[in-house]
Amino acid sequence: MRTCRAAAAGKLTVVLATLVLVLAGCGGGPSPRAWAASVCSALTPWRAEISKLTSSTDQQMTAQTTPAQAKENLVRLFGGAEQASETARRKVEEAGIPDAEQGEEVSAGFRASLAKVRDAYGRARDTIDGLGTGQPTAFYDGVRAAVDTLNKEYDASALDTSRLNSEELKRAFDEVPECR
């Protein structure tokens with residue numbers, strides 16, 4: 001009987017110790033300033049990459065290349081934008097949930113917006129990858145349509161901040177050097 005109680009007590013101790021560790025990990029995420037710094041550190045290289053890819057896409061649209069070359073380049077460019085967006089989304093996710101009013105909603109909004117951008121680039125890549133290159137006019141019309149759709153989806157992915165009024169986070173984004 002004593003052995004069963006000792007074993008049960010040992011198991012209970014392990015369960016309680018695990019529970020304490022789990023609960024300690026759940027409480028209080030990063031401070032608003034630390035979270036804002038992490039988010040801006042994730043978004044700065046993403047913005048630079050998207051800007052570079054956008055410029056390259058514009059050049060590709062006006063370059064004198066064959067449809068096959070344009071297709072290859074555009075698929076690669078949009079794939080790069082998709083990957084850059086996923087990397088930024090993952091880094092925002094890794095930043096955690098800020099310990100601030102509406103922290104969960106703000107973090108979820110950033111992640112959702114980046115996921116929508118990622119998906120928009122992925123759809124553009126897939127659309128262009130599916131275009132035939134045998135008829136240049138049809139190919140470039142398809143590219144224009146894919147880019148128009150991408151632009152609309154990109155605009156629609158913008159984070160709606162009208163309902164997110166965390167003064168702590170607004171102040172943090174204004175103050176941390178990573179966000180300037």
> Where is the tightest heavy-atom contact between L169 and A100, given as atom of each residue plus distance?
Replying inline: CG-CB, 3.9 Å
>> Measuring from atom CZ of F78 to atom OG1 of T127, what distance do you get when rounded to the nearest 0.5 angstrom?
In response: 9.5 Å
>> Nearest 0.5 Å, please: how far is CD in Q102 from CD in E167?
In response: 10.0 Å
>> Once rounded to the nearest 0.5 Å, what's the spacing between atom CG of L43 and atom CG of L114?
In response: 6.0 Å
>> For R111 versus R89, what's the shortest heavy-atom pair and its separation?
In response: O-CG, 3.5 Å
> salt bridge (Lys or Arg N to Asp or Glu O under 4.0 Å) between E49 and K52: does it pass, once the steps are laid out?
Replying inline: CA-CA 5 Å; E49 182 68 11; K52 181 179 89 176; 3.4 Å; yes
> Going by heavy atoms in the side chains, are W46 and V117 under 4.5 Å from each other?
Replying inline: yes
>> Would a single hydrophobic cluster contain both I97 and V39, if residues Ile, Leu, Val, Met, Phe, Trp and Tyr are joined by side-chain heavy-atom contacts under 4.5 Å?
In response: no
>> Looking at every heavy atom in both S85 and I50, which two are closest together, and how far apart are they?
In response: OG-CD1, 4.1 Å
> For the residue pair S157 and K116, what are the closest heavy atoms and their distance?
Replying inline: CB-CB, 3.5 Å
> Which atoms form the tightest heavy-atom contact between V106 and W35, and what is the distance?
Replying inline: CG1-CH2, 3.7 Å
> In a check of side chain to side chain contact (heavy atoms under 4.5 Å, CB included) between R118 and each of E86, R123, R90, which one passes?
Replying inline: E86
> Which value, rounded to the nearest 0.5 Å, describes the distance between F139 atom CZ and R144 atom CZ?
Replying inline: 10.0 Å
> Going from OG1 on T54 to CZ on R47, what distance comes out if it is rounded to the nearest 0.5 angstrom?
Replying inline: 13.0 Å
>> Tell me whether the count of non-hydrogen atoms from other residues, nucleotides or ligands lying under 6.0 Å of CD in Q135 goes above 12.
In response: no
> Do side-chain atoms of T87 reach the backbone of Q83 as a donor and acceptor pair under 3.5 angstrom?
Replying inline: yes
> Using 30° and 60° as the class limits, which term best fits the ring planes of F173 and F110: parallel, tilted or perpendicular?
Replying inline: parallel
> Taking the side chain as C-beta and beyond, is there a heavy-atom pair between L74 and V147 under 4.5 Å?
Replying inline: no
> Are E168 and R171 ion-paired here, with the side-chain N under 4.0 Å from a carboxylate O?
Replying inline: no
> Which heavy atom of P136 sits nearest a heavy atom of G134, and at what distance?
Replying inline: CD-O, 3.5 Å
> Is the closest side-chain heavy-atom distance between T66 and T133 below 4.5 Å?
Replying inline: no
> Distance from Y154 atom OH to S113 atom OG, nearest 0.5 Å?
Replying inline: 8.0 Å
> Do the side chains of V92 and V176 join up, straight or via other hydrophobic residues, at under 4.5 Å, putting them in one cluster?
Replying inline: no
